[in-house]
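The structure appears below as structure tokens.
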Amino acid sequence: MATVKQWHESLNFSKMRLSHLLGQPMTNVRIAEVFDQIADLLEFEGANPFRVRAYRNAARIVRDLPDAITSILADPQRKLTDIDGIGDDLADKITTLAATGSLPFLEELLARVPESVLALMRIPGLGPKKAAVLYKELGVKTLADLKAACDSHKVQELKGFGAKTEQTILAGMTLAETAADRMLWAKADAIASNLLAHLKPLKEVKQLAAAGSYRRGSETVGDLDLLVDSTEPEKVMDRLAAYPDVAATIGRGDTKMSIRLEGGVQVDLRVVPEESFGAALLYFTGSKNHNIVLRGMAKDRGLKVNEYGIFRDDKFLAGRTEEEIYRMLDLPWIAPELREARQEFAWAAAGELPELIELADIRGDLHMHTTESDGRSTLAEMAAAAKALGHSYIAITDHSKRTSMANGLDSRRLLKQWSEIDALNAEKPGILVLKGVECDILEKGGLDIDDDTLAEADWVICSIHYGQNQSRQQITERILQAIENPNVAAIAHPTGRLINRRKPYEVDLEAVYKAAAKHGKFLELNSNPERLDLDDIHCAAAKQHGVKIVINTDAHRADALAGLRYGIMQARRAGLTKEDVANTRTWVQMRKLIGKTHS
DNA sequence: GCCGTTTTCGGCCCGACTGTTTTCAGTCG
């Protein structure tokens, strides 16, 4: 999926020279980037595809790991080779990377293959084989070379290429220049809902679903994958072709069709008969790696799984529902959010598949703003909207004074707001409104509101809004200091994703997790879809360290309170249960967790 | 490159679609 997105990433990646990757603390993400680049280079060289897959797999495994590689290396009790998919060779390479910041094997590869050719493989329709031919036969090293070769029609003269391929390459190049990045889940949701509503009225459509990373609740979505149960694929495909927003048809066969919408989003449609709907839903939901494991398990049992069902010696056994397929493999049904080939199979084998948290489990939202700072809705409007959503409590957490451009409150205004909250509660609004604040962690350390005032609050959540360019160590120190303040209950934006689309600040998250666990402080999963933080990986890491998590919206207007579901999806992807998330509890229970005793 | 209650070698998920072929390789998901 998402060839266009990969293209973008490759453009960004090729700008980011190796020297930028190296010589910095070796985070999991940086190690993963090195392995992905090795996989690309090996693939270009035509290496054994399974060897390439091993590197890609390792990249994904390291990226998804809740623990920092550096802390595993530092722990004499643990070995890298204990991680599934990491053998002796890759463990050595990781160790070398972490110790020296460089990897001789990668240097060798880069000496053989110019890094710029990797961008060729990102063009839709150009894979490693064709890219290698272009490089070897025509000396195409860059995208500019490729453009020139197509324009002079040298490409179509190559064996295995033709006029059509040349056109496809040119079209792929211009498309990639203008196409959109991966979209946020919320946008995918809007588009998918419209598409489903367009297809549903067709009488030939018996069942339909949106699958892919959208169904898995991935934070961002590349392509949309639609699945339809019908015996009349032609009619279904005609219906999709008639969708008003279609810009182009990329491909169309007997049961499968791909279109591109205005704005660049690719939509893949697959039509299957009823007896295959569950198998196809499983296949189309992915992830790819989840499917690979499933199919391997089937093979071990002398079975075969494809998108039509599960088979023994070509005899159809099941396929109507996902449950049937899982059952044939002695597995319970696995929630789509968990299907990333991370821990779900180990959990299933041990009978420890977590009962994932649901939206309805949340009892209160503990981070929101009002018109008193930079919110758009009043205190009363926020309370009414939260009550309508079924919450039993909320915390009003307007900004503190340092955040002056958001009209942050000083202690005098805070105390005034809190007396208004007392008055509102006295009117018995049907929801408990808590006196809170989102208190700035100042550049020099320390908090923006005095301790005497903070002691009056029910709920103090802290975050960094200024001095985000400080060193990793300075930022970490500031956060640790806030965690140690007895008046503080929670840290918001712990990984630094607090401004849309801007690079997060650098922070030693291990230290933050450890301190939060030690002092019983909450880390916030901020549910804003545009700057979601903690994401699924960080969420799992926080849980691993025994940190208490709260899921809040950080809503700036009443209708944004419904955005809690975005955070819930990430929590589910991290395998969190109701117990793992603190604000599934009543406020009385929560207050005990915080350790506050005053009323 | 990884992995092993069939294994330390020989496997590694599976099928649709396209373009260039004349039975298939490459690409994609």
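Any value given below was found using the heavy atoms of this structure, including those in side chains, with hydrogens, waters and symmetry copies removed. Model, not experiment: these values are computed from the prediction.
Residue pairs meeting the salt bridge (charged side-chain N to carboxylate O under 4.0 Å, His left out) criterion with at least one partner in residues 280-289 of chain A, sequence neighbours excluded, do not occur; the list is empty. Among residues at least two apart or in separate chains, side-chain hydrogen bond (donor to acceptor under 3.5 Å, both in side chains) pairs with a member in residues 328-341 of chain A are A:Arg216-A:Glu340, A:Arg301-A:Asp330, A:Glu322-A:Trp333, A:Glu322-A:Arg339, A:Tyr326-A:Arg339, A:Glu337-A:Arg572, A:Glu340-A:Arg573. The salt bridge (charged side-chain N to carboxylate O under 4.0 Å, His left out) pairs that include a residue from residues 125-136 of chain A number zero, where partners must be two or more places apart or lie in different chains. Pairs engaging residues 151-171 of chain A under the salt bridge (charged side-chain N to carboxylate O under 4.0 Å, His left out) rule: A:Lys147-A:Asp151 [sequence neighbours left out].
In this structure, the CD atom of A:Glu43 is 12 Å from the C1' atom of B:dC28, given to the nearest Å. Atom-to-atom, CD1 of A:Ile61 to C1' of B:dC2 comes out at 10 Å; the value is rounded to the nearest Å. Across the protein-nucleic acid pair, A:Leu282 atom CG and B:dC14 atom P stand 14 Å apart, rounded to whole Å. The distance between atom CZ of A:Phe284 and atom P of B:dG15, rounded to the nearest whole Å, is 15 Å. Distance, A:Leu303 CG to B:dC14 C1': 15 Å, rounded to whole Å. As rounded to whole Å, 13 Å separates atom C1' of B:dC14 from atom CD1 of A:Ile325. Per the geometry, CG belonging to A:Asp82 stands 10 Å off P belonging to B:dC3, to the nearest Å. Between the CZ atom of A:Phe311 and the C1' atom of B:dG15 there is a distance of 11 Å, given to the nearest Å.
B:dT18 sits 30 Å from B:dG11 when the C1' atoms are compared, rounded to a whole Å. A distance of about 24 Å separates the C1' atoms of B:dT21 and B:dC14, rounded to the whole Å. Separating the P atom of B:dC13 from that of B:dC3 is a span of 14 Å, rounded to the nearest Å. Rounded to whole Å, the C1' atom of B:dT20 lies 29 Å from the corresponding atom of B:dC12. Taking atom P on both nucleotides, B:dT22 is separated from B:dG26 by 14 Å, rounded to a whole Å. With C1' as the reference atom, B:dG10 and B:dT6 are 13 Å apart, rounded to whole Å. Remark: the separation of the C1' atoms in B:dG19 and B:dT23 is 13 Å, to the nearest Å. Separating the P atom of B:dA16 from that of B:dC9 is a span of 37 Å, rounded to the nearest Å.
Among the atoms of the strands shown, base atoms are found under 4.0 Å from some heavy atom of A:Tyr283. Within the nucleic acid shown, A:Ile86 comes within 4.0 Å of sugar-phosphate atoms alone, with no base atom in reach, counting heavy atoms only.
Here the side chain of A:Glu275 pairs no donor or acceptor atom with the backbone of A:Arg320 at under 3.5 angstrom.
Residue whose closest nucleotide on DNA chain B sits further toward the 5' end, between A:Asp300 and A:Leu126: A:Asp300.
A salt bridge links A:Asp238 and A:Arg252; the closest N-O separation between the charged side-chain nitrogens and carboxylate oxygens is under 4.0 Å. Between A:Asp225 and A:Arg215, none of the side-chain N atoms (NZ, or NE/NH1/NH2) sits under 4.0 Å from a carboxylate O, so this pair counts as no salt bridge.
For DNA chain B, none of the residues of residues 231-238 of chain A falls under the heavy-atom distance limit of 4.0 Å.
Candidate nucleotides B:dG1, B:dG29, B:dG15 were compared by shortest atom distance to the side chain of A:Lys93, and B:dG1 ranks first. The side chain of A:Asp84 has B:dC3 as its nearest neighbour among B:dG15, B:dG29, B:dC3.
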Donor-acceptor pairs are to be reported for all side-chain atoms of residues 44-51 of chain A against protein atoms at under 3.5 Å, with residues two or more places apart or in another chain.
unit_1: A:Glu45; atom_1: OE1; unit_2: A:Arg112; atom_2: NH2; d: 3.1
unit_1: A:Glu45; atom_1: OE2; unit_2: A:Arg112; atom_2: NE; d: 2.7
unit_1: A:Asn48; atom_1: OD1; unit_2: A:Phe50; atom_2: N; d: 2.8

>> Each nucleotide in nucleotides 17-26 of chain B should get exactly one letter: B, S or -. Can you fill that in based on protein heavy atoms under 4.0 Å?
In response: SSSSS----S
> Which letter, B, S or -, goes with each nucleotide of nucleotides 8-13 of chain B from 5' to 3', with contact meaning a protein heavy atom under 4.0 Å?
Replying inline: ----BB
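By the side-chain contact (heavy atoms from CB on, under 4.5 Å) test, A:Asp229 is found to be paired with A:Lys206, A:Gln207, A:Glu274, A:Phe277, residues two or more places apart in sequence or in another chain being considered. For the side-chain contact (heavy atoms from CB on, under 4.5 Å) test, no residue two or more places apart in sequence or in another chain qualifies with A:Lys299. Every side-chain contact (heavy atoms from CB on, under 4.5 Å) that A:Thr70 has, sequence neighbours left out, goes to A:Ala68. Qualifying side-chain contact (heavy atoms from CB on, under 4.5 Å) partners for A:Ala58, counting only residues two or more places apart in sequence or in other chains: A:Phe35, A:Ile86, A:Leu90.
Searching all strands for a Watson-Crick or G-U wobble partner of B:dT8 with both distances below 3.5 Å returns nothing.
The six-membered or imidazole ring of A:His290 lies near that of A:Phe345, with a centre-to-centre distance under 6.0 Å.
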